[in-house]
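Below is one structure, written out as structure tokens; the observations come after it.
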Amino acid sequence: MAARERAPSGSWPRLSKFVLSACAASVAELVTFPLDLTKTRLQIQGEAALKQHGEAGLAGPYRGMVRTAVGIVQEEGLLKLWQGATPAVYRHIVYSGVRMVAYEQIRDSPLGKGDSNVFPLWKSVVGGMMAGAIGQFFASPTDLVKVQMQMEGKRRLEGKPPRVRGVYHAFVTILSKGGIRGLWAGWVPNVQRAALVNMGDQRCEHYRSSPQCCCNRSLPSPLTLYRSVQKGERGTGYDADLTTYDTVKHYLLRNTNLKDNSICHSISSYLFFMFLVCVWSSICSGLVAATLGTPADVIKTRIMNQPRDKHGRGILYKSSTDCFIQAVRGEGFLSLYKGFIPTWMRMVITFTNVY
């Protein structure tokens, strides 16, 4: 009885949440996939280990995010910006679903909220890291196939034979060479990246019910913001954005029955303010997540893309540590942040949808 009383009346079954979160993540993946493909190409270019093995390739390296994307369209075709999207969707179905279920299980466990029914920020961060790591471990084989398919266009430009011809062929090829273990090549930096990214974008969960939460303390009421704007006060941080505020106000006046009074101004102020909170929160959380996760992502991509012998063992790198050392020695520390801009942009778009 006590368990039933504590459970929220509007809670959804975990299966429904799994399906909905997987569908939402798949749509976001398809929309932002060209950024992911561009990021992968940037992370591979100028690879020092390839030069040491005499496999630098024939095609010149792309420079920067925009020129990389334009080069792909000009040399391979527009639709090639979505090459590898199918395993990416599979990956998100597995990753997002498992992460969501694992996070809720951790949150609702005795180690989670406890008797106070409050999930502290530090527990939210730890729980998010654990859930992200678990979800990424299960999704790692689809990530491996995605990376290899994303590099097929560049391999053709370099005159190399195709490595995979599709999702099914990729899985069969990897299994035939490396067995089940081969499907989890690069899983260590992959899991590390997921944990770090989840740590970067975790937020307090109890903001809806706790006025003392750190997420709420800086939010002024619509009336306070309205009075500040009406008085023309400086130092509110919104002086440069009054055009957007005025646009929102006139939109409400044109499309609703509201009159130009305090209620209309309050709604306009609140909507505009929440828009700013959404955008800036996404930019900041995306910056932190990208800064923490990009080095592990670069290592993961290179390990997954490296050529392999007939037994499925990597030729260029022995381990994640070896890849890290070779990248820093041969290309410098900043090579670990190749593809940072598209990674950050992709996270900002994703986080904005979440907010």
Considering non-hydrogen atoms only, spot the tightest contact between Gln83 and Gly153 and give its length.
OE1-N, 3.7 Å
Approximate separation, where rounding is to 0.5 Å, of Gln192 CD and Met129 CE:
10.0 Å
Can you measure from SG (Cys323) to NZ (Lys300) and round to the nearest 0.5 angstrom?
11.5 Å
Note: Glu75-Lys154 ion pair, threshold 4.0 Å (strictly below)
no
Can you tell me which residue pairs pass the side-chain hydrogen bond (donor to acceptor under 3.5 Å, both in side chains) test with a partner in residues 322-335, sequence neighbours excluded?
Arg302-Glu331, Asp322-Gln326, Glu331-Lys338
Shortest non-hydrogen contact from Val145 to Ala170?
CG1-CB, 3.6 Å
Same cluster (ILVMFWY, side-chain, under 4.5 Å), Leu196 and Val98:
no
With side-chain contact (heavy atoms from CB on, under 4.5 Å) as the criterion, how do Arg313 and Lys318 come out once you've worked through the C-alpha distance, each side chain's angles and the decisive distance to 0.1 Å?
CA-CA 9 Å; Arg313 293 189 293 259; Lys318 299 177 182 178; over 6 Å; no
Between Asn305 and Gln148, a side-chain donor and acceptor under 3.5 Å:
no
Identify the heavy atoms of Pro87 and Lys146 that sit nearest to each other, and give their distance.
CG-CA, 3.7 Å
If you apply the rule side-chain contact (heavy atoms from CB on, under 4.5 Å), what do you find for Ile299 with Arg193, and how did you get there?
CA-CA 10 Å; Ile299 294 172; Arg193 174 196 171 276; over 6 Å; no
Main-chain N/O of Thr294 paired to Tyr337 side chain as donor or acceptor, under 3.5 Å
no
Measure the CD1-CG distance between Ile341 and Leu42 for me, rounded to the nearest 0.5 Å.
10.0 Å
Exceeds 12 heavy-atom contacts within 6.0 angstrom, atom CZ of Phe171
yes
Do Met149 and Val172 belong together in a cluster built from hydrophobic side chains that touch within less than 4.5 Å?
no
Other hydrophobic cluster members with Met151, side-chain heavy atoms of Ile/Leu/Val/Met/Phe/Trp/Tyr under 4.5 Å, chained?
Ile44
Audit row: Ser140, Val191, side-chain contact (heavy atoms from CB on, under 4.5 Å) steps and yes/no:
CA-CA 8 Å; Ser140 196; Val191 167; over 6 Å; no
Interatomic distance, Ser319 atom OG to Ile303 atom CD1 [nearest 0.5 angstrom]
7.0 Å
I need the minimum non-hydrogen distance between Val89 and Glu29, along with the two atoms involved.
N-CG, 4.4 Å
What is the minimum heavy-atom distance between Leu30 and Trp82, and which atoms define it?
O-NE1, 2.9 Å
Measure from the side-chain N and O atoms of Gln306 to the backbone N and O of Leu316, and report whether any donor-acceptor pair falls under 3.5 Å.
yes
Point-to-point distance, once rounded to the nearest 0.5 Å, from CZ of Arg91 to OG of Ser26
10.5 Å
Nearest non-hydrogen partners of Leu287 and Phe340, listed with the distance:
CD1-CZ, 3.8 Å
Does a donor on one side chain and an acceptor on the other come within less than 3.5 Å for Thr68 and Arg41?
no
Under a single-linkage definition using a 4.5 Å side-chain heavy-atom cutoff for Ile, Leu, Val, Met, Phe, Trp and Tyr, are Phe33 and Tyr90 assigned to the same hydrophobic cluster?
no
Between Glu152 and Arg155, does any NZ, NE, NH1 or NH2 come within less than 4.0 Å of an OD or OE carboxylate oxygen?
yes
To the nearest 0.5 angstrom, please state how far the CD atom of Gln150 sits from the CG atom of Leu81.
11.0 Å
Co-members of Leu79 in a cluster of I, L, V, M, F, W and Y side chains, linked at under 4.5 Å
none
The side chain to side chain donor-acceptor pair (under 3.5 Å) partner of Lys39 among Thr343, Asp297, Thr301 is Asp297
Report the hydrophobic cluster partners of Tyr95, with the cluster defined as I, L, V, M, F, W, Y residues connected by side-chain heavy atoms closer than 4.5 angstrom, directly or transitively.
none
Joint cluster assignment, Val328 & Val298, ILVMFWY side-chain distance < 4.5 Å
no
May I ask you to say whether Lys177 pairs ionically with Asp309, meaning some side-chain N is under 4.0 Å from a carboxylate O?
no
Single-linkage hydrophobic cluster, 4.5 Å side-chain cutoff, Tyr168 and Val164 together:
no
Residues two or more places apart in sequence or in another chain: which of them pass side-chain contact (heavy atoms from CB on, under 4.5 Å) with Ala131?
Arg99, Ala102, Tyr103
Between Trp344 and Val288, does the side-chain contact (heavy atoms from CB on, under 4.5 Å) criterion hold? Intermediate values first, please.
CA-CA 9 Å; Trp344 184 16; Val288 173; over 6 Å; no
Test of understanding: with ring pair (Phe, Tyr, Trp, His ring centres under 6.0 Å), list the residues that count as partners of Phe137, not counting sequence neighbours.
Trp184, Trp187
